[in-house]
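Worksheet: the structure to be examined is printed underneath.
Order of the sequence lines fixes the chain letters, A, B, ..., with proteins taken first and strands second; residue numbering starts at 1 for each chain. What you are looking at is a predicted structure, and each value in this text was computed from that prediction instead of being measured.
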Amino acid sequence: MTKLYRRSHFARWRAAALLCISLTAAASFPALASAEDKPLVIVRDIDINSLDPARAWCDTCQIYLSNVYETLIGLGTDNKSLVPRLATKWEANADQSQFTFTLDPDAKFSDGSPVEAKDVKWSMERLKNVKGDASFMMDAVRSIEAKDAKTVVVTLTGPNSEFLNILTAPYTGVANSVEASANGAAAGEDAATADKGEAWFLAHSAGSGPYMLAEYKPGDVLRFKANPNYKRSAVAIGDIVIKHTKDAVAQAQMLQSGGADIAMQIDPDTAKTISGGELSVETVPSYNFLYVALSPGAKDGGKLASKEVRQAIGYALDYDGIIEFTVGGQGKKIPVAIPNGFPGTDGLPEPKQDLAKAKELMAKAGAADGFEINATFPNMNAYGVDLSLLIQKVQQDLDKINVKLKLTPVEFSVWRDQVRGDGIPLTTVFFAPDYYGSAQYVQYFGMMEGTPWWKRAGGATDASITNAKTAELLTKVLAAGDAEKPAIYKEIAQTMIDDRIIIPVVSPDLVLAHAKSVTGLRYSACCNLLMNELGLK
Amino acid sequence: MTRYIIRRLIAMPFLLLGIITIAFFISHNTRGDPLISIIGERQMENPDVVAAAKARWGLDKSLPEQYAIYVGNLTTGDFGTSLRTKRPVAQDLLDRLPATLELVIAAMLAGSLTGIVLGVIAARFRDSGIDHLARLWALIGSSTPVFWSGLILLYVFSVALGWLPGPGRLNARTLPPETITGFLTIDSLLSGNLQLFRESLYHLILPALVLGWTVMGIVSRLVRVSMLDVLSQDYIVAARARGARELRVLFNHALRNAMIPTLTIIGFTFAYLITGAVLTETIFSWPGIGSYAVDAARNLDYPAIMGVTIVGGMAFLLSNLLTDIAYAFADPRIRLR
């Protein structure tokens with residue numbers, strides 16, 4: 001009886017299962033969408049903190065601003081030369097303290113109104129006065145004058161031969177002052193409190209670049225549509241979508257399944273798993289780098305006050321091993337905290353491990369028995385490098401000269417708190433360029449009064465940290481002409497290497513993974529990705 | 001029962017205020033600097049920029065002042081502005097909650113139903129091959145990390161076989177329907193777009209299965225244990241002796257009595273997943289509350305942390321209430337007073 005019943009019971013289940021399968025088949029699930037007539041899809045971790053050109057500060061912001069808000073000057077495809085954008089020509093006075101720009105007479109904002117000198121003046125003043133992240137780029141500006149509708153004169157507080165390079169940074173993009181002002185944006189000296197434009201910029205754009213904002217949903221999607229009033233070059237793709245995909249493996253899967261055309265943050269290990277005749281994976285050198293930072297002024301960092309000890313640490317690191325261990329060999333050594341290829345870096349000696357010299361220097365400093373120091377680091381992945389892996393390799397290397405690291409992984413917010421508070425004797429972190437130019441690195445990493453790492457290293461309390469020569473050379477280079485600059489920057493780089501406060505360890509290569517149908521994809525030092533250069537075969 | 005429900009609803013705002021107060025002071029006293037969400041590393045050394053940011057976001061005020069302002073604003077429905085997205089937190093939550101609910105409801109339906117059926121079958125065929133298989137399947141479901149199963153299933157069904165789509169609620173090339181409820185399946189139906197409905201359903205399958213597998217593992221094991229207990233009771237023997245059909249014995253007599261602990265765990269799991277489906281949301285690029293919560297916590301985005309806390313608190317309070325009500329339906333002997 002039971003058996004009979006059970007058979008009947010399962011017969012019904014079988015019937016139900018068959019019905020489900022039939023219904024499923026009948027539902028005819030849609031095929032994966034083809035690329036034809038559809039937007040180009042880019043997958044990356046959307047790290048946007050704002051879409052307001054005066055307040056934004058992130059990698060995705062660089063992409064957004066570069067493609068929506070044109071700058072006065074652009075960066076050529078060689079990632080070095082300055083090329084006209086909104087400004088068709090420019091000239092500097094003899095000491096590089098005043099610059100005159102002539103605007104493109106045909107340039108128009110996306111609403112069709114002409115780009116005028118008043119918009120340039122307003123945008124630059126707003127960038128300076130809202131006191132956002134990129135406001136330091138306008139620190140050197142004393143005044144901006146709109147001489148006529150198409151001529152702008154910028155006067156600096158002193159010579160600055162890098163000012164033109166600064167103007168290639170996407171954060172200096174020009175916005176439609178009339179439209180933005182009508183929606184709460186302010187540029188006056190009280191803009192830090194009076195400006196209410198950010199909410200409007202999150203849903204609208206007011207630039208003259210090749211694209212306009214179509215939609216932004218934080219943590220989900222950023223959509224662009226072509227600006228019909230952009231005439232500087234042909235725009236091949238009408239709609240572009242950046243889809244938030246945090247994980248590198250998921251990005252690779254999206255690319256392989258045809259759900260995406262470009263994956264922007266594939267690490268070298270994941271790149272090896274990408275296969276398929278329709279996909280292209282290439283690695284190119286990047287301008288991003290990771291470094292070890294030593295802070296003699298930090299709590300319990302006293303032994304690092306000895307330059308010999310710092311130099312010994314520099315010699316103890318196995319740079320080739322670090323690159324192999326962290327990015328599978330897909331990276332470059334970097335002699336100084338200025339990206340390879342930037343002014344002053346040509347011909348600098350590559351760093352290399354020399355344990356004998358490291359031990360000799362430790363002995364000379366009276367520290368042959370070694371010491372233990374705290375090494376708090378942000379527990380994160382930056383540009384494909386897992387910082388915990390990196391610092392473990394540093395720990396192994398320094399163990400050979402009896403320097404013991406006490407590793408403490410923390411959230412980035414906690415790391416920032418600590419590095420600015422009691423300080424961290426030894427840490428690792430990362431840096432990426434905002435534009436092509438070396439002065440920004442000297443002003444951030446150089447041991448000159450007031451720079452962030454001078455403060456963290458203890459420059460305020462230990463006079464030996466300050467390197468007067470760096471400051472002197474920086475003043476000289478900012479007033480120098482193009483021909484003299486590389487040699488002076490090289491001298492500056494040498495002073496930074498000698499200080500041994502910042503020890504760069506790897507410049508990870510960038511993986512460009514995309515469908516072969518995509519053309520024109522390249523890495524830009526100022527702008528990350530220029531969408532108007534993209535095309536579809 | 002109505003009086004009981006009204007009493008519980010009246011108590012909710014007070015409970016929520018308690019949750020808000022505790023969460024506010026804990027989050028504001030954790031190590032780390034909330035300015036990380038607002039100011040980049042370079043400008044943190046610029047006192048003018050730091051002062052401007054603190055003034056703009058009210059971080060220059062004392063903690064009690066900030067608390068009073070926050071609670072005052074809450075009474076007007078203002079959840080504050082996210083330090084990270086720079087948008088009103090209420091808007092962020094409204095954008096993301098439907099995505100999470102759509103995923104969690106689908107996962108709970110798939111996980112609970114299969115879990116219950118599997119638990120009943122395993123109990124009915126105790127110690128047989130079917131029981132062992134069901135228990136193994138449940139064990140794998142409840143112990144496999146979601147990030148692993150998610151990536152593997154994505155690879156197999158999306159990349160290798162191409163049967164199911166990749167991450168996201170819709171194909172990235174597809175424009176979403178006009179937002180009415182925020183549930184893409186419902187909104188696409190309301191807009192009469194069946195193609196979009198199928199696509200959104202199609203995208204829901206993998207994440208719901210991955211999340212539901214975990215739920216299924218928990219539910220089936222619990223149902224099995226409860227069923228084994230119930231199936232050994234005299235009234236089950238009596239029912240069988242009276243010639244009741246096996247399905248009726250299992251589902252009407254046994255399962256109903258075995259459901260009380262299961263309802264508790266289903267209610268709790270549902271509430272937990274509202275804010276806790278982080279890994280599934282990350283792997284499937286699902287723009288929900290879980291990933292929002294993690295980003296908020298990592299960036300010390302206080303207003304967003306508080307917003308998520310309120311949503312999570314509400315989810316637990318409401319699911320507890322619904323579970324209590326469900327008890328009364330599952331077991332008529334329970335009277336809610």
Side-chain angles (χ1 to χ4, degrees), chain A residues 2 5-6 9 27-30 32-33 35 38-39 41 43 48-52 55 57-58 130-136 192-193 198-199 202 217-221 241 243-247 249-250 253-254 256-260 410-414 416-418 420 429 444 450-452 455, chain B residues 31-46 48-49 51-53 55-56 81-82 84-87 92 95-96 99 147 151 154-155 158-159 162-169 171-174 195 198-199 201-202 245-247 282-285 287 291-292 295 298-300:
Chain A
T2 312
Y5 166 78
R6 205 183 288 168
H9 168 64
S28 64
F29 285 133
L32 295 177
K38 297 279 187 175
V41 176
V43 280
I48 286 172
N49 69 340
S50 179
L51 294 181
D52 182 337
R55 294 187 186 276
W57 188 256
C58 67
V130 295
K131 295 188 169 68
D133 271 315
S135 65
F136 73 91
T193 51
E198 189 171 28
L202 283 168
K217 281 190 174 178
D220 185 11
V221 74
V241 177
K243 176 72 185 163
H244 179 65
T245 310
K246 206 161 190 160
D247 181 68
V249 177
Q253 290 184 343
M254 286 276 280
Q256 287 183 284
S257 65
V410 293
E411 284 295 325
F412 191 50
S413 55
V414 177
R416 277 201 0 184
D417 220 22
Q418 284 191 25
R420 296 181 62 251
V429 72
Y444 190 74
T451 70
K455 287 181 191 170
Chain B
R31 284 175 71 194
D33 192 340
L35 291 175
I36 184 180
S37 301
I38 309 165
I39 308 174
E41 221 193 310
R42 178 192 286 256
Q43 291 290 56
M44 282 296 282
E45 308 296 335
N46 184 332
D48 286 349
V49 172
R56 184 177 178 215
T81 302
S82 163
R84 196 170 48 85
T85 70
K86 311 287 163 57
R87 303 195 322 164
D92 281 347
D95 273 359
R96 285 169 172 266
F147 66 83
L151 287 173
L154 258 178
Y155 179 77
S158 176
V159 179
W163 291 356
L164 291 169
R169 296 180 78 193
N171 190 312
R173 301 180 210 281
T174 307
Q195 172 76 11
R198 285 207 298 269
E199 191 180 322
L201 204 60
Y202 199 33
R245 297 172 66 171
E246 190 64 7
L247 273 182
T282 303
I283 287 159
F284 289 93
S285 301
S291 48
Y292 184 72
D295 286 342
R298 294 191 77 162
N299 291 286
L300 288 180

Heavy-atom proximity to chain B below 4.5 Å, by part of [X]:
| X | result |
| --- | --- |
| A/Thr193 | neither |
| A/Ile48 | backbone |
| A/Glu411 | side chain |
| A/Val241 | side chain |

TODO: Check whether any side-chain N or O of B/Lys86 sits under 3.5 Å from a backbone N or O of A/Asn49 as a donor-acceptor pair, and report yes or no.
DONE: yes
d(B/Thr85 OG1, A/Lys217 NZ) to nearest 0.5 Å is 13.5 Å
Heavy-atom pairs under 4.5 Å with chain A are the metric here; pick the option from [options] that has the most.
| options | result |
| --- | --- |
| B/Ala53, B/Ala99, B/Pro287 | B/Pro287 |
| B/Ser285, B/Ser82, B/Ala51 | B/Ser285 |
| B/Gly168, B/Pro34, B/Gly40, B/Ala52 | B/Gly40 |

With sequence neighbours left out, the residues meeting salt bridge (Lys or Arg N to Asp or Glu O under 4.0 Å) with A/Asp417 are none
Contacts of A/Lys243 meeting salt bridge (Lys or Arg N to Asp or Glu O under 4.0 Å) (sequence neighbours excluded), chain-then-number -> A/Asp220
Tell me which of these, [options], has more heavy-atom pairs under 4.5 Å with chain B than the rest.
| options | value |
| --- | --- |
| A/Thr245, A/Thr451, A/Val410 | A/Thr245 |
| A/Ser50, A/Ala134, A/Ser135 | A/Ser135 |
| A/Ala199, A/Ala250, A/Ala192, A/Pro452 | A/Pro452 |

Exactly one candidate in B/Arg42, B/Glu41, B/Gln43 meets side-chain contact (heavy atoms from CB on, under 4.5 Å) with A/Asp133; the answer is B/Gln43
If you look at every heavy atom in [X] and [Y], which pair is closest and at what distance?
| X | Y | value |
| --- | --- | --- |
| B/Val49 | A/Lys131 | CG1-O, 3.4 Å |
| A/Met254 | B/Pro167 | SD-CD, 3.2 Å |
| B/Ile39 | A/Arg416 | O-NH2, 2.8 Å |
| A/Gly259 | B/Arg173 | C-NH2, 3.9 Å |
| A/Pro218 | B/Arg96 | O-NH2, 3.0 Å |

Is [X] in contact with chain A via its backbone, its side chain, both, or neither, using a 4.5 Å heavy-atom distance?
| X | result |
| --- | --- |
| B/Asn299 | neither |
| B/Ala55 | neither |
| B/Ser291 | neither |
| B/Leu151 | both |

| request: Would you please test A/Glu198 and B/Arg56 for side chain to side chain contact (heavy atoms under 4.5 Å, CB included) and show each step? | output: CA-CA 12 Å; A/Glu198 189 171 28; B/Arg56 184 177 178 215; 2.5 Å; yes
For a 4.5 angstrom cut-off between non-hydrogen side-chain atoms, does A/Gln253 reach B/Tyr155?
yes
